[in-house]
There are 4 protein chains.
Amino acid sequence: MTVRVGVIGTGIMGADHINTLHRQVTGATVTVVADLDLDRARGVAAALPGVRATDDGVALIGDPDVDAVVVASADATHADLTVAAVQAGKPVVCEKPLAPTLPECLRVVQAELKAVGAGGPALVSVGFMRRFDPGYLELKSALEAGVCGTPLLVHCVSRGVSSAPGATSELSVTGSAIHEFDVVPWLLGARIVEVGWHAPRSTGAVPGMQDPQLILLRTADGAMTTVEVFLNARYGYDIRCEVVGDRGAIALTNPARVVADADRRRATGYPADWRPRFADAYRIELQAWVDAVAAGRPPPLASARDGLIASAVADAVIASMREGGRTVAVALPGLDPPAT
Amino acid sequence: MTVRVGVIGTGIMGADHINTLHRQVTGATVTVVADLDLDRARGVAAALPGVRATDDGVALIGDPDVDAVVVASADATHADLTVAAVQAGKPVVCEKPLAPTLPECLRVVQAELKAVGAGGPALVSVGFMRRFDPGYLELKSALEAGVCGTPLLVHCVSRGVSSAPGATSELSVTGSAIHEFDVVPWLLGARIVEVGWHAPRSTGAVPGMQDPQLILLRTADGAMTTVEVFLNARYGYDIRCEVVGDRGAIALTNPARVVADADRRRATGYPADWRPRFADAYRIELQAWVDAVAAGRPPPLASARDGLIASAVADAVIASMREGGRTVAVALPGLDPPAT
Amino acid sequence: MTVRVGVIGTGIMGADHINTLHRQVTGATVTVVADLDLDRARGVAAALPGVRATDDGVALIGDPDVDAVVVASADATHADLTVAAVQAGKPVVCEKPLAPTLPECLRVVQAELKAVGAGGPALVSVGFMRRFDPGYLELKSALEAGVCGTPLLVHCVSRGVSSAPGATSELSVTGSAIHEFDVVPWLLGARIVEVGWHAPRSTGAVPGMQDPQLILLRTADGAMTTVEVFLNARYGYDIRCEVVGDRGAIALTNPARVVADADRRRATGYPADWRPRFADAYRIELQAWVDAVAAGRPPPLASARDGLIASAVADAVIASMREGGRTVAVALPGLDPPAT
Amino acid sequence: MTVRVGVIGTGIMGADHINTLHRQVTGATVTVVADLDLDRARGVAAALPGVRATDDGVALIGDPDVDAVVVASADATHADLTVAAVQAGKPVVCEKPLAPTLPECLRVVQAELKAVGAGGPALVSVGFMRRFDPGYLELKSALEAGVCGTPLLVHCVSRGVSSAPGATSELSVTGSAIHEFDVVPWLLGARIVEVGWHAPRSTGAVPGMQDPQLILLRTADGAMTTVEVFLNARYGYDIRCEVVGDRGAIALTNPARVVADADRRRATGYPADWRPRFADAYRIELQAWVDAVAAGRPPPLASARDGLIASAVADAVIASMREGGRTVAVALPGLDPPAT
């Protein structure tokens with residue numbers, strides 16, 4: 001069975017997903033794409049055979065030619081569209097964040113719960129693609145194999161060349177650091193319970209924006225994580241992760257494939273943004289989602305609950321930001337049963 | 001249009017291709033698999049929905065449910081099966097080597113020429129998958145961008161854990177070193193014109209087999225290549241390539257994704273064989289082949305002529321082996337127009 | 001002129017200094033060694049020609065055959081012996097820490113001030129050898145050359161195989177982290193003004209000891225530093241440092257000299273303790289000290305004031321440790337003129 | 001006892017040795033320096049206390065204030081000066097090559113034999129400093145520890161930024177590749193018995209000079225070595241060595257101490273010439289020589305016989321160069337007992 005996918009949002013991320021689904025994912029076909037900017041949607045559709053374009057995401061969700069939905073539109077629309085997909089009974093993968101606010105995330109979780117019942121098959125997945133990155137997967141499996149013993153510390157670094165237009169200190173947290181808030185508990189098997197936010201000297205790249213930020217996380221197992229998020233680091237897109245345990249440490253390597261000797265230097269290159277770095281992760285994630293949808297199995301992606309939990313951590317970090325770096329406990333109101 | 005693929009040979013390589021086509025390549029479906037060992041073919045077929053098994057490769061080629069053919073059976077069968085596919089007018093990708101002997105390779109080239117005419121659309125592709133490895137592709141594009149200037153030297157290393165049963169000094173050349181004979185001209189844009197074979201002290205791993213071997217190649221541009229092929233290197237599967245030019249050098253990096261600190265060591269891992277190393281290359285190669293077949297475009301893989309040329313180099317290397325390491329010119333009898 | 005050096009303390013560190021002075025430093029000769037354990041002193045002396053042994057450090061300082069003094073005895077004795085050397089008018093290099101408590105450090109600074117007057121030639125040096133490590137020196141010079149732009153963040157890691165007998169959470173700070181408290185201001189040219197101490201999940205290696213520890217530093221330029229000190233990391237002795245600026249980042253490399261491929265792994269080794277890692281630093285430091293003493297120039301080592309300042313930071317960190325990780329300002333009572 | 005050293009030759013290499021002896025080697029003092037260019041000798045002498053200058057190397061050797069001699073003058077003078085030192089009964093370390101021709105090398109060996117008798121204490125050392133490089137020493141000790149099993153292949157690379165004025169194809173061999181001819185037998189414990197010379201496409205940097213060159217060596221144990229010597233590689237001074245055995249491989253790492261992230265690149269630096277790369281090797285070599293001279297022990301440096309043997313290999317390589325790359329056996333005329 002071929003899964004007929006509708007994609008809402010045809011910006012950089014959405015266009016990337018459409019391309020990946022069309023060219024690299026087996027068992028799926030993109031049938032409808034939607035964008036408020038109808039011309040942009042039409043431009044994307046025209047490049048692919050048999051794809052229709054619309055400016056109405058809700059109509060896309062209801063379209064009989066759409067079996068499953070990808071939400072890659074503006075963050076503010078995530079919750080409404082994801083809830084609409086749930087109410088239509090269609091599997092949906094929503095780009096991170098699940099929603100910009102915790103109450104909205106909760107609304108999605110509750111809508112899914114109402115639609116499928118407790119223990120029912122999940123409809124909602126969240127696009128935390130690092131869970132499908134071959135490097136992170138090897139890191140997790142080395143960890144589980146005991147290579148470094150019991151994890152005590154994690155060091156995460158997320159650096160980019162320059163932040164997107166409209167970047168703010170808060171968006172650094174909800175849009176970028178949130179990947180760490182998902183991946184650290186996934187790696188350690190332990191929820192983040194406490195956070196602290198710190199402001200080093202800031203680059204002047206974006207006036208009014210604190211960049212870099214230094215965030216400390218404590219997980220339920222007692223381990224601590226340092227997170228450096230630095231969106232205007234200029235030199236390249238660079239994601240690092242090291243887990244330090246009581247027997248050793250495990251870290252991601254630099255993923256460069258070639259090294260050049262020239263001009264008195266031995267150098268590898270950095271990509272300009274996340275796409276080359278995580279192209280494999282997106283492809284493998286979407287393939288896993290399509291395979292699960294086709295088979296009627298629960299998708300192995302992050303769930304709505306995982307999206308809610310990551311947003312709760314982001315909320316706590318922003319609270320710490322507003323309160324001078326005070327240590328803030330992560331609150332998960334309304335989850336029943338409680339997150340573990 | 002979905003390309004219906006028949007795969008001949010369900011050993012390690014064939015089963016890998018079937019799995020890749022089924023799970024990771026879009027636009028293709030495996031319809032028939034063949035193996036002289038019918039039980040093995042049936043076992044592979046049973047794991048996939050709607051796949052038939054046969055012990056008759058020629059019947060598979062003629063099957064109306066087969067649009068295109070993958071030949072991954074024993075080397076000795078490559079030429080006959082590839083010619084049969086050509087005669088049936090079906091696109092075929094043949095695993096390397098195109099054939100174990102040069103006359104057989106020539107037979108394939110001529111059969112294709114007869115079937116499609118000079119300048120006609122190619123039917124035959126050869127599975128030199130390194131041309132699709134992201135690392136080699138970056139190396140080639142850095143080279144073409146002039147990062148190292150004019151190439152003067154290439155250093156290639158192919159090491160494996162242990163050779164396959166029945167390994168011989170000659171099979172090292174025709175089965176393993178042959179990858180270098182294809183990839184070096186592809187990188188440099190210059191044909192190999194002269195070779196020399198050298199025997200260092202040999203590991204005792206396989207009695208009677210010279211291992212490692214050291215091969216020198218000269219390309220038409222005057223550059224020289226050192227090739228170390230060492231199939232029983234024990235420590236891991238390890239492929240290296242460095243191009244040295246008059247301005248600098250470019251090399252593949254070690255592709256390990258994680259590094260572990262433990263027991264007084266900082267270590268990355270090596271795979272046990274080629275599959276993890278070249279999984280991406282095989283997937284991308286097969287996707288490119290399927291895309292081209294579906295679109296009626298000439299496949300961007302190595303051609304039958306490329307396969308013939310690599311085998312001619314292998315022949316010259318074996319001649320050098322038999323004549324005490326004498327420098328041997330590469331002969332390309334029967335090619336019209338001559339290879340350039 | 002040959003500088004006749006007396007060395008107090010013949011434990012691991014002292015014996016190492018004696019050996020370095022004797023075998024690798026030009027312009028110096030060790031004449032007297034002292035240790036409370038006279039047998040140990042005699043054992044060390046016997047191995048070298050013309051060296052006398054004593055159990056009386058103060059007598060050594062007064063010995064007419066001693067031009068300059070190295071203090072490598074127990075931390076608790078540092079202040080008294082260094083003051084005695086100052087009062088004898090003899091140049092002295094004291095191993096870090098200058099003294100275990102801030103008042104004692106202040107006593108040394110004041111004794112030196114009294115002996116030589118404000119602006120007088122320094123007599124006291126402190127053994128913060130990292131300032132002479134070729135790696136740290138290159139890091140500092142790349143920083144000063146603007147390679148990474150304005151420093152915003154520093155990440156320091158100090159890991160060891162196992163802590164010395166009697167290790168405590170406080171000794172981690174005063175004995176190990178103190179190297180970072182000296183080297184970070186030296187690198188950045190900015191004093192540490194504020195600290196915070198954090199306790200991740202602890203290894204159980206030493207009951208009652210918090211290990212690893214995570215320390216945040218803020219320097220007067222606004223930059224922040226993360227310091228991980230982990231004395232029982234088991235896997236090896238491993239010192240890391242990365243400075244992140246607004247244009248890029250600079251880091252120490254792993255200093256291993258050979259890499260081995262074996263057993264499915266590519267690995268470099270770690271030393272078991274600090275001696276191989278910092279052998280060059282100690283040698284170059286002692287040579288620089290001897291050269292300065294011989295020439296009557298002020299030694300380019302860390303000064304007593306530097307030692308006092310590092311101890312003031314350590315005090316603040318321990319205060320934070322005792323107050324649940326509260327942010328603590330670094331106080332420098334009694335320094336006149338105030339430290340900048 | 002302080003060894004009073006006379007240094008002949010105050011060019012780059014000689015000035016470097018004088019500086020190293022004066023500033024970093026204990027137990028030695030430079031008393032006299034000689035150079036045909038007396039002004040240059042005087043300039044060097046003036047910078048150091050108590051050093052006399054002369055333009056007469058032979059007079060220096062006879063000077064009563066000279067206990068031991070360093071020969072760092074033009075290659076053509078090596079043999080005469082070394083023989084003069086031997087006849088004066090003074091220990092001498094001669095920069096490589098021991099002499100430009102094999103007969104001259106033999107003359108030195110015979111002069112030493114005559115002076116000290118068979119089995120007598122060696123007077124002549126040859127400056128093959130790689131034997132004292134910490135990286136090569138670790139490589140040798142890993143090899144001896146069996147880390148890679150029995151050596152089968154060695155890969156050596158010597159690249160420089162640009163060749164010295166007057167460079168020729170032959171001088172590449174006698175001046176640069178000769179380091180490999182000494183270090184490979186030292187590593188493997190086996191003499192080089194057979195060589196072959198090959199000419200890849202040449203850089204146009206120095207008209208008439210073949211650069212790079214590719215040399216194959218066979219040692220008495222059957223192992224083969226590939227040597228790439230490329231003096232005008234432009235990008236940096238870069239020395240590599242890998243030994244491949246039947247259980248694994250061991251290689252030198254890149255010795256850079258810091259790595260910088262900037263401008264879309266992660267890069268380490270290369271030195272412009274050999275001095276930073278081998279500064280430690282020269283220091284340790286000279287210290288070992290001075291220590292041995294002071295103690296009356298045989299110096300642990302390469303001997304005159306080692307220098308002769310390396311020159312015999314160079315001779316064979318040049319013979320191969322002149323005869324179209326023919327394999328040439330290494331002849332050692334006149335050595336009694338024969339080299340092993």
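Reminder, nothing fancy here: chain letters follow the sequence lines and each chain counts from 1.
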Taking C-beta and beyond as the side chain, do Arg265(C) and Arg265(B) meet within less than 4.5 Å on heavy atoms?
-> yes
Residues of residues 267-280 of chain C with a heavy atom under 4.5 Å from any heavy atom of chain B, in residue-number order, are Ala267(C), Thr268(C), Gly269(C), Tyr270(C), Pro271(C), Ala272(C)
Applying a strict 4.5 Å limit to non-hydrogen atoms, the region of Val259(C) in contact with chain B is neither
So the ring-ring contact (aromatic ring centres under 6.0 Å, His included) pairs with at least one residue in residues 147-174 of chain B (sequence neighbours excluded) are none
Turns out that what part of Asp263(C) lies under 4.5 Å from chain B's heavy atoms comes down to backbone
